Amino acid sequence: MQQLSGRTALVTGGARGIGKAIALELAGLGADIVLNYSTSLDKAKEVSDMIKSLGRDCLIVKADISALSEVEDMVETAKEKYGKIDILVNNAGITSDNLLIRMKEEEWDNVIAINLKGVYNCTKSVIRQMIKQRWGRIINISSVVGIHGNAGQTNYSASKAGVIGFTKSCAKELASRGITVNAIAPGFIETDMTDTLSDNVRKTMESSIPLKRLGKPEDIAYLAGFLSSSKADYITGQIINVDGGMAM
Ligand code: NAP
């Protein structure tokens, strides 16, 4: 029997990047996947086909995670199909970088709404049923920038630091109900989010990372798979860096 057989996992922003790698990893470990997307329908369909070719089921659901009503509808749709959600991966996120002196209110609000309120919306919508079944896994994707800060990312680092506080508080609230809550803090990972970096910035970054390379989405996904499994039963409230040794 596979480690996640019989489990259903909801992965936000699962159509591309880190979310796609996590959805595929969890499916590979035996979970059925509720694949959330916001704008990337075609890519979501491709990931769904890949999941089905692994022998798992996949339900694609569109929802803007910053809107509570859309998230509640998504969770209801998922529960109608699978009866439950066992694993929630709060992965979806955006950047909207600017120096604070130039940052518009809208740039601040959008990042906080998706990266932080989105995590509240999704977590709030799944925990009642997880509490009832006395089992659940919540994995939040934060960032090393939420721990160490980064010039030009006050909005993003505040949202990711917020996710860390949220993770620890949720872990304390939910531990007695058999639910673990952990966060992964990736360093620089090769996805659309970091694709815009110039060759120079990329080289400087690589040389500052002890393992001398940017991370791959799978580097994050392997840890998400482990944290979702019963092998991680005794781990909660932790923020685990996956960053090639960049922040230590
Ligand atoms: P990405 O390639 O830019 O993908 C972002 C994902 O978020 C997409 O699937 C997108 O869905 C989804 N999304 C954005 N806004 C959404 C909304 N309102 N509702 C639902 N989904 C939404 O990013 P990534 O690099 O894979 O990042 C994934 C997570 O890792 C993010 O939380 C990010 O902050 C974090 N992270 C990334 C890095 C890195 O170096 N890449 C480092 C640290 C942390 P659609 O395409 O469907 O719109």
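Order of listing sets the numbers, starting from 1, for every ligand and every atom in it. All of these numbers come straight from a predicted model, not from anything done at the bench.
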Protein contact of atom 24 (P) of ligand 1 - nearest heavy atom, named by residue and atom, plus distance: T191 OG1, 3.6 Å
Which option out of G19, G17, G93 puts a heavy atom nearest to atom 6 (C) of ligand 1? G93
Do ligand 1 and P186 have nitrogen or oxygen atoms that lie under 3.5 Å from each other? no
Mind running side chain to side chain donor-acceptor pair (under 3.5 Å) on T236 and N182 for me, showing each step along the way? CA-CA 6 Å; T236 196; N182 292 289; 4.6 Å; no
For ligand 1, is any non-hydrogen atom under 4.0 Å from A44's backbone (N, CA, C, O), its side chain (CB onward), both, or neither? neither
When you measure from the side chain of S198 to the backbone N and O of V201, does any donor-acceptor pair fall under 3.5 Å? yes
Test side-chain contact (heavy atoms from CB on, under 4.5 Å) applied to I184 and N91, I22, I139, I18, the passing residue: I139
Hey, mind stepping through D233 and K231 against salt bridge (charged side-chain N to carboxylate O under 4.0 Å, His left out) and telling me if it holds? CA-CA 6 Å; D233 274 352; K231 292 183 177 172; over 6 Å; no
Counting only heavy atoms, which portion of N36 has something under 4.0 Å from ligand 1: side chain, backbone, both, or neither? side chain
Atom 38 (C) of ligand 1: which of G187, S143, A67, S40 has the nearest heavy atom? G187
Would you say F188 and ligand 1 have an N/O pair spaced under 3.5 Å apart? no
N or O contact, Y37 vs ligand 1, cut-off under 3.5 Å: no
I114 N/O to ligand 1 N/O under 3.5 Å: no
Can a donor-acceptor pair be found, under 3.5 Å and without considering hydrogens, that links the side chain of N155 to the backbone of V111? no
Within less than 4.0 angstrom of ligand 1, does G215 place any heavy atom? no
Backbone N/O of A63 and side chain of N36: donor-acceptor pair under 3.5 Å: yes
Indicate, as side chain, backbone, both or neither, the part of K43 found under 4.0 angstrom from ligand 1 when only non-hydrogen atoms are considered. neither
When you measure from the side chain of R134 to the backbone of S176, do you find a donor-acceptor pair of N or O atoms at a distance under 3.5 Å? yes
Heavy-atom distances under 4.0 Å decide this one: backbone, side chain, both or neither, for I94 against ligand 1? side chain
May I ask you to check whether over 12 heavy atoms, not counting those of K124, lie within 6.0 Å of atom NZ? no
For N115 and ligand 1, does the shortest N/O to N/O distance drop below 3.5 Å? no
Ignoring angles and geometry beyond distance, decide whether S66 reaches within less than 3.5 Å of ligand 1 through its nitrogen or oxygen atoms. no
Side chain, backbone, both or neither: T194 near ligand 1, heavy atoms under 4.0 Å: side chain
Ignoring angles and geometry beyond distance, decide whether N91 reaches within less than 3.5 Å of ligand 1 through its nitrogen or oxygen atoms. yes
Just checking, R177 and W135: is the charged tip under 6.0 Å from the six-membered ring centre and within 45° of the axis? no
With nothing but distance in play, are any N or O atoms of G14 less than 3.5 Å from an N or O of ligand 1? no
Determine whether the side chain, the backbone, both or neither of S142 has a heavy atom under 4.0 Å from any heavy atom of ligand 1. backbone
